[in-house]
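In what follows, a single structure is set out as structure tokens and then discussed.
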Amino acid sequence: EIEYALDTLKADGICLYSNYRDKWQGNAAFDPIYQELNRRKSVVYVHPIEADCCRNIVKDVGDTIVEYGADNTRTIASLIFSGSTTKYPDITWIFSHGGGMMPYVIERFLAGVTAELIPGIVTKGQGQIPPRNVPKGVLYELRKMYFDTAQASNPVAMRALRTVVPISQILYGTDYWYRSAGETSKGLITNNVFTAKELQAIYRLNAERILPHYRA
């Protein structure tokens, strides 16, 4: 399927869900897929979906309200802490919705290390032992990933995300039709998080870097 999609259909990349029947993306069962995607230096876009374990947990609270953000976060953690992003460094990962809850639980992601998320301000991770499968550190792996603005163009989400990753890793996304391009663009302009130059990078330049054939 990868060969057909990329070689015959000329797809820009591969889309995956955040989990498949309670196997998140760092599960070793996916290694043969990642070996091929890594060999091809593929772009992989991940969209969250509720896992079998976590459907209808709270009465009157839809799964999309909490679980999509939570499952995005689970699968990012799964990929990094399993060592998958270290083993397959040539895969370009893109995650929806500003990375879910990842920016807000960054102290837990830092796991046993400290880091300057903002220069001059030291943030201490939870615990004492760094993850053994992440020799370059979790923050290094996070800052290689890309995150889109779909349903996350508000000032809270974008300020948190840009604190964790550089502007170069943020991509424009709308989640149409749940959120229109007009609404998303208005959110990015009025949230007072980005400069005009940074918005230009988010709108197009960052995407052109990973999909160079779209350069005008």
Side-chain angles (χ1 to χ4, degrees), residues 1-55 64 67-100 102 131 133-136 138 140-152 165-166 168-178 181 201-216:
E1 289 183 0
I2 293 170
E3 180 181 13
Y4 181 70
L6 298 181
D7 295 344
T8 301
L9 299 180
K10 306 300 182 184
D12 291 323
I14 300 294
C15 179
L16 299 174
Y17 281 126
S18 55
N19 76 80
Y20 290 89
R21 301 298 300 268
D22 295 337
K23 284 186 174 67
W24 285 269
Q25 291 300 337
N27 193 291
F30 302 128
D31 278 1
I33 295 171
Y34 298 156
Q35 289 167 10
E36 178 64 8
L37 293 173
N38 190 70
R39 183 184 72 81
R40 291 173 172 269
K41 296 180 170 57
S42 297
V43 174
V44 178
Y45 167 73
V46 179
H47 192 279
I49 191 169
E50 64 273 26
D52 286 355
C53 68
C54 306
R55 298 175 189 269
T64 60
E67 278 307 309
Y68 273 33
D71 214 67
N72 234 1
T73 308
R74 288 187 192 105
T75 214
I76 292 168
S78 175
L79 280 165
I80 293 175
F81 284 86
S82 69
S84 294
T85 55
T86 298
K87 285 191 294 184
Y88 308 111
D90 292 328
I91 297 175
T92 298
W93 293 97
I94 303 172
F95 295 91
S96 295
H97 310 313
M102 177 273 295
N133 292 325
V134 197
K136 293 185 178 180
V138 172
Y140 172 85
E141 300 298 335
L142 280 172
R143 287 178 169 172
K144 286 170 51 184
M145 295 172 167
Y146 289 82
F147 306 89
D148 79 17
T149 64
Q151 293 206 50
V165 303
S168 63
Q169 307 308 113
I170 302 176
L171 301 173
Y172 184 80
T174 66
D175 214 13
Y176 183 82
W177 50 267
Y178 298 101
I202 293 168
Y203 287 152
R204 186 173 183 91
L205 298 181
N206 294 341
E208 287 180 347
R209 190 171 61 256
I210 58 178
L211 300 171
H213 61 281
Y214 284 108
R215 291 173 183 158

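Applying the salt bridge (Lys or Arg N to Asp or Glu O under 4.0 Å) rule to pairs touching residues 203-214 yields Arg204-Glu208, sequence neighbours excluded. Applying the salt bridge (Lys or Arg N to Asp or Glu O under 4.0 Å) definition to pairs two or more places apart or across chains, those involving residues 67-80 are Glu67-Arg74, Asp71-Arg74. The salt bridge (Lys or Arg N to Asp or Glu O under 4.0 Å) pairs that include a residue from residues 12-29 are Arg21-Asp52, where partners are two or more places apart or lie in different chains.
Partners of Ser96 according to the side-chain hydrogen bond (donor to acceptor under 3.5 Å, both in side chains) rule, which considers only residues two or more places apart in sequence or in another chain, are Tyr45. Scanning for side-chain hydrogen bond (donor to acceptor under 3.5 Å, both in side chains) contacts around Ser78 gives an empty result, with sequence neighbours left out. Residues satisfying the ring-ring contact (aromatic ring centres under 6.0 Å, His included) test with Tyr146, not counting sequence neighbours, are none. By the side chain to side chain contact (heavy atoms under 4.5 Å, CB included) test, Lys144 pairs with Pro89, Tyr140, Glu141, sequence neighbours left out. Checked against side-chain hydrogen bond (donor to acceptor under 3.5 Å, both in side chains), Arg40 has the following partners two or more places apart in sequence or in another chain: Asp7, Glu36. Applying the ring-ring contact (aromatic ring centres under 6.0 Å, His included) rule to Tyr203 yields the partners Tyr172; only residues at least two apart in sequence or on another chain are considered. For Val43, the side chain to side chain contact (heavy atoms under 4.5 Å, CB included) test picks out Thr92, Ile94, Leu211, with sequence neighbours left out. Taking the side-chain hydrogen bond (donor to acceptor under 3.5 Å, both in side chains) definition, one finds that Arg215 meets it with nothing, sequence neighbours left out.
Distance check: Asn206 CG to Ile170 CD1 gives 8.0 Å after rounding to the nearest 0.5 Å. Distance CG/Leu171 to CG/Asp148: 7.0 Å, rounded to 0.5 Å. If you take CD1 on Ile49 and OG1 on Thr64, they are separated by 11.5 Å, rounding to the nearest 0.5 Å. Separation of atoms CD1 (Ile2) and CD1 (Ile14) is listed at 5.5 Å; rounding is to 0.5 Å. Note: Lys87 NZ to Asp31 CG = 4.0 Å, rounded to the nearest 0.5 Å. Once rounded to the nearest 0.5 Å, the distance linking CD1 of Ile33 with CG of Leu16 reads 7.0 Å.
Put simply, the side chain of Ser18 never gets that close to the backbone of Thr75: no donor and acceptor are under 3.5 Å apart. A donor-acceptor pair under 3.5 Å is absent between the side-chain atoms of Thr8 and the main chain of Ala5, judged by distance alone. No donor-acceptor pair closer than 3.5 Å links the side chain of Ser42 to the backbone N or O of Val44.
Here the shortest heavy-atom pairing between Phe81 and Val134 reads CA-CG2, 4.2 Å. Nearest heavy-atom pair across Gly100 and Thr73 is C-OG1, 3.8 Å. Nearest heavy atom pair, residue Pro48 against residue Tyr17, reads O-CD2, 4.5 Å. Considering all non-hydrogen atoms of both residues, Tyr88 and Asn38 come closest at C-OD1, 3.0 Å. The heavy-atom pair separating Thr174 from Ala181 by the smallest distance is CG2-CA, 3.6 Å.
Met102 is not listed as a side-chain neighbour of Phe95, based on a closest heavy-atom distance of 4.5 Å or more. Using a 4.5 Å heavy-atom threshold, the side chains of Tyr4 and Leu9 count as touching. Looking only at side-chain heavy atoms (C-beta outward), Asp175 and His97 come within less than 4.5 Å of each other. Between Ile91 and Tyr34 there is a side-chain heavy-atom pair separated by less than 4.5 Å. At a threshold of 4.5 Å between non-hydrogen side-chain atoms, the residues Thr85 and Met145 count as touching.
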Q: Begin with the C-alpha distance, continue with both residues' side-chain angles, and end with the deciding distance and a verdict on side chain to side chain contact (heavy atoms under 4.5 Å, CB included) for Val46 and Ile76.
A: CA-CA 10 Å; Val46 179; Ile76 292 168; over 6 Å; no
